[in-house]
Amino acid sequence: MSQPTARADRLTRGLAVVAVLIPVALAVAVRRFPADGTPLPVLASPVSHFPPAPLAFESQPLGPDGGTRPRVAGARVVDLDRDGKPEVLVCDAQRNRVLLYRHANGVWTETALGDELAAPAAATPVDLDGDGDTDLVVAVLGSVLPSDDLIGGVVWLENQGGTFVTRPLLEHVRRVSDVQAGDFDGDGDADLAVAVFGYHHGEILWLENRGGGRFRDHPLLATQGPSHVPVADFDGDGKPDIAALVSQEHEEVWLFRNAGGGTFTPRRVFETVNFDLGSAALVASDLDKNGTVDLLLVAGDNQEINHHHPQPWHGCLWLENTGGGAFRTKRLAAVGGVYGAAVADFDGDGDNDIVLACMFNDWRRPGAASLVLLTNDGQQNFTPTTVADRPTYLAVVAAGDLDGDGRPDVVAGALRLYAAPGPAGRLTVWWNRGRAAP
Amino acid sequence: MTRAQKLLAAVIAVELIGGAVILVPRAGRVAPPAVDLADTDPATAADLRAIAPSDFAKLGGAYLAAGFYPEAEACYRHAAEREPAAEAIFKHGFALERLGRVEEANGRYREAIDTRHRRAADLWYYIGRNHLRLEQPNEAATAFARAGSLPAARFEEALAAARAGKDRDADAAAERLAADLPEVYPPAALRHRLAVLRGDSRAAAVRADEFARRPRPLPTPWDAEVEWVFGTAAGLGQERLFRDAGRLAQEQRFDAAEARLREALAAGWAPEVADRLAEVAFVLGRREEAERVLTDAVARGGPSAMLLWRLGQAHAALGRPGDALAAWERASRLAAGPVAEGVYRDLADGYAKAGDGEKAKRAAARADLAAGLAELTAGRPAEAAGVLARATEADPQLAHAWYALGESHRRAGRPADARAAYDRCLGIDPDHGRALRGRALLGQ
């Protein structure tokens with residue numbers, strides 16, 4: 001074949017290829033630029049998605065379905081009947097009940113404790129009357145929705161041989177979000193610390209146990225927004241102190257150091273100028289296992305108008321107890337919309353890990369985490385990983401070995417104020433099956 | 001060039017021209033962001049789909065109100081690019097702020113101010129607040145200073161002084177603000193905190209009392225945005241249907257109200273909608289249906305004082321007073337605050353009709369206590385005192401009614417009456433801490 005002919009053939013073939021490729025490219029471009037226009041890109045949250053957890057967790061719904069608006073406001077792992085087997089104690093603000101779930105032979109049974117209560121938020125086990133069994137004290141919100149009305153209270157569910165009798169201890173106060181027990185005046189009986197969250201108004205109180213089921217309320221701080229009042233000997237002087245998380249734009253942690261005889265010395269141990277931090281929970285725990293009680297501050301509340309979005313400053317802060325009631329703050333992880341935390345050694349490596357429940361994550365983006373595991377490298381450096389992305393709107397979380405296999409399991413409850421996106425679920429157990437297969 | 005080559009060249013030319021005709025207009029065309037409405041109630045989804053895709057500003061507002069914040073930001077971003085007016089730029093900044101992108105939001109707010117936005121002072125306040133979110137107090141202070149005399153900005157200045165350890169300045173600033181806004185509580189709350197932190201328990205008690213007496217939050221620019229977003233939300237989907245039903249019921253157009261409520265329930269069951277439907281059915285004379293709707297609502301949505309109260313009313317209207325009393329008793333265990341008054345009034349009537357005068361009297365006292373407490377928390381002590389006096393007459397053993405009566409007298413400036421009422425309370429319940437504190441305040 002002569003050279004000009006070969007060149008002509010190559011040109012013909014080249015033109016043919018171009019004639020075929022143009023429609024292909026056109027088809028691709030037509031898809032890229034739809035007739036209605038190119039959809040505008042949206043900005044993704046940087047604190048919603050994480051790699052999968054290194055542990056295998058198997059989820060199981062617990063108890064009845066909560067419909068489209070489950071409202072679990074409190075959950076903890078307890079041994080109420082002192083039989084050595086843990087139960088799950090739940091405050092259900094939809095059914096307006098305090099409920100106990102027992103697990104035996106793979107089956108859960110549900111028992112309602114006491115009377116119906118309007119939006120119970122926290123139930124704390126304590127032998128309030130000193131009769132040797134475990135009673136409950138319950139923080140009653142009155143309504144999960146914001147209100148400044150006098151609808152809250154504190155109720156004692158007195159254990160009478162396994163039956164719980166309802167006895168009001170404090171009435172006609174604003175919404176009560178937490179109640180914890182401690183012998184604050186050193187007289188040998190259990191007194192109570194109370195967080196009256198309210199809305200525009202609220203307060204932190206302690207209730208002095210005067211015997212015979214009588215309690216006298218004493219004010220510690222008048223403020224809206226106290227949500228949690230964990231009790232522990234934070235300053236190591238042998239007396240129980242009261243820590244308090246104050247939200248509603250205050251975004252601070254107070255320590256009421258027990259000075260003895262029912263007197264307290266107040267001090268602010270954490271504050272930030274970021275009024276929008278979104279303080280949601282305060283958990284007392286010896287995170288670094290050094291013998292002092294630390295605090296975990298969980299921040300992710302963002303129901304600022306009628307909807308929410310994860311914010312970059314949401315996450316988990318460690319208030320490290322440096323002794324004598326002083327704390328040093330370290331940010332452990334940025335996780336969107338966090339509302340609850342529980343501490344345990346989930347991976348069995350000897351240090352404490354943290355599990356976080358997300359209530360206000362970006363539920364419209366698939367894969368946004370609802371349950372997050374923070375694994376500890378032993379030096380209190382934590383890596384966030386996703387345990388689950390459903391159910392959504394998890395408000396509370398607790399940990400404990402519910403099946404006796406030596407590994408802490410997780411139970412979390414969902415709270416939806418309104419009908420909302422994402423898979424609904426009321427109460428869920430995540431069984432810890434150990435290290436995930438690679 | 002051969003014939004085949006000429007033909008291929010012609011085909012290529014036609015393809016290129018055709019491609020250009022198709023693509024050039026498309027390349028410049030922008031659509032709203034893709035939105036997954038699968039989890040949105042059908043009524044809201046329909047309302048969102050009904051907005052013209054080209055109306056980016058309106059779509060932005062609707063997405064913001066419906067909780068699609070990233071999509072709202074995208075729409076406002078494009079609207080502000082197309083027409084960079086001050087309000088459009090501000091709205092884009094507001095949407096960025098919802099996403100936590102506060103530095104970018106502040107940039108937009110500054111642009112809006114430069115474009116002569118009519119709410120410049122408000123925008124400086126927002127800029128200051130975003131600097132606080134970024135933990136930049138100095139920049140925040142500069143912005144608040146530019147917000148002029150806005151009470152909310154002045155309060156931020158008081159807070160900044162307190163944070164800086166300038167307690168006297170903070171207290172003085174809060175005192176001035178408290179004097180200017182006598183019903184507003186945050187300045188009193190700040191002064192109480194300062195007293196607690198300096199260990200002045202007497203001043204702390206006085207400031208706590210002042211805090212309790214003031215019912216209102218500080219007015220802030222945010223109020224306008226809340227009104228805007230809630231107003232938009234009320235015009236969408238189920239909320240629109242529910243709002244319209246309420247308006248129609250007020251106009252006595254109950255058939256039309258019922259249609260709206262049924263449409264709302266079809267979009268998604270909600271206890272408050274079921275409650276309103278039962279009310280309409282009741283008014284329309286369908287009492288059995290009202291009872292059925294309420295019974296179903298209690299089962300599906302959980303028991304509440306409101307639903308049980310209404311269920312009791314349905315039972316009573318159907319001539320079943322025993323069931324009515326049982327429902328109201330159950331409601332009374334859940335009731336507190338304003339609902340309690342209604343529940344106890346019906347209980348009082350029910351027991352009176354049943355011939356149980358003692359229970360009727362106690363229930364009436366509880367109703368008056370609830371009504372009196374509502375007056376007191378709303379800052380109307382004189383009105384509260386009248387109602388609470390009735391409660392103490394009906395049930396002299398109701399300790400908290402005596403306490404609340406004491407509070408009402410004290411706040412109304414009648415210390416002798418207040419002391420007498422507190423003493424009656426403490427005679428019944430010596431551990432009533434609030435009564436002890438109220439009495440202590442009389443001496444200050």
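Among the candidates Phe230(B), Phe68(B), Trp222(B), the residue making the largest number of heavy-atom pairs closer than 4.5 Å to chain A is Phe68(B). The residue among Pro217(B), Ala189(B), Gly302(B) with the most heavy atom pairs within less than 4.5 Å of chain A is Pro217(B).
Contact of His131(B) with chain A is not made at all, since no heavy-atom distance falls under 4.5 Å. In this structure, no portion of Ala72(B) lies under 4.5 Å from any heavy atom of chain A.
Note on Glu249(A) versus Arg129(B): salt bridge recorded, some NZ/NE/NH1/NH2 to OD/OE distance being below 4.0 Å. The pair Arg331(A)-Glu135(B) fails the salt-bridge criterion, with no side-chain N (NZ, NE, NH1 or NH2) lying under 4.0 Å from an Asp/Glu carboxylate O. Between Arg330(B) and Glu116(A) there is a salt bridge, with a side-chain nitrogen of the basic residue lying less than 4.0 Å from a carboxylate oxygen of the acidic one.
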Does the pair Arg333(B) and Glu171(A) meet the rule for a salt bridge (charged side-chain N to carboxylate O under 4.0 Å, His left out), with working shown?
-> CA-CA 12 Å; Arg333(B) 287 191 287 274; Glu171(A) 294 182 286; over 6 Å; no
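Residues of residues 211-218 of chain A placed with any heavy atom under 4.5 Å of a heavy atom in chain B are listed by number as Arg214(A), Phe215(A), Arg216(A), Asp217(A), His218(A).
The aromatic rings of His172(A) and His400(B) sit parallel to each other, their planes meeting at less than 30°, with 60° as the upper class boundary.
For the residue pair Tyr185(B) and His200(A), a side-chain donor N or O sits within less than 3.5 Å of a side-chain acceptor on the partner.
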N/O donor-acceptor pairs under 3.5 Å from side chains in residues 28-36 of chain B, not counting sequence neighbours:
{"unit_1": "Arg29(B)", "atom_1": "NH1", "unit_2": "Ala35(A)", "atom_2": "O", "d": "2.3"}
{"unit_1": "Asp36(B)", "atom_1": "OD1", "unit_2": "Ala38(B)", "atom_2": "N", "d": "3.0"}

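Here the closest non-hydrogen pair linking Glu272(B) and Arg69(A) is OE2-NH2, 3.2 Å.
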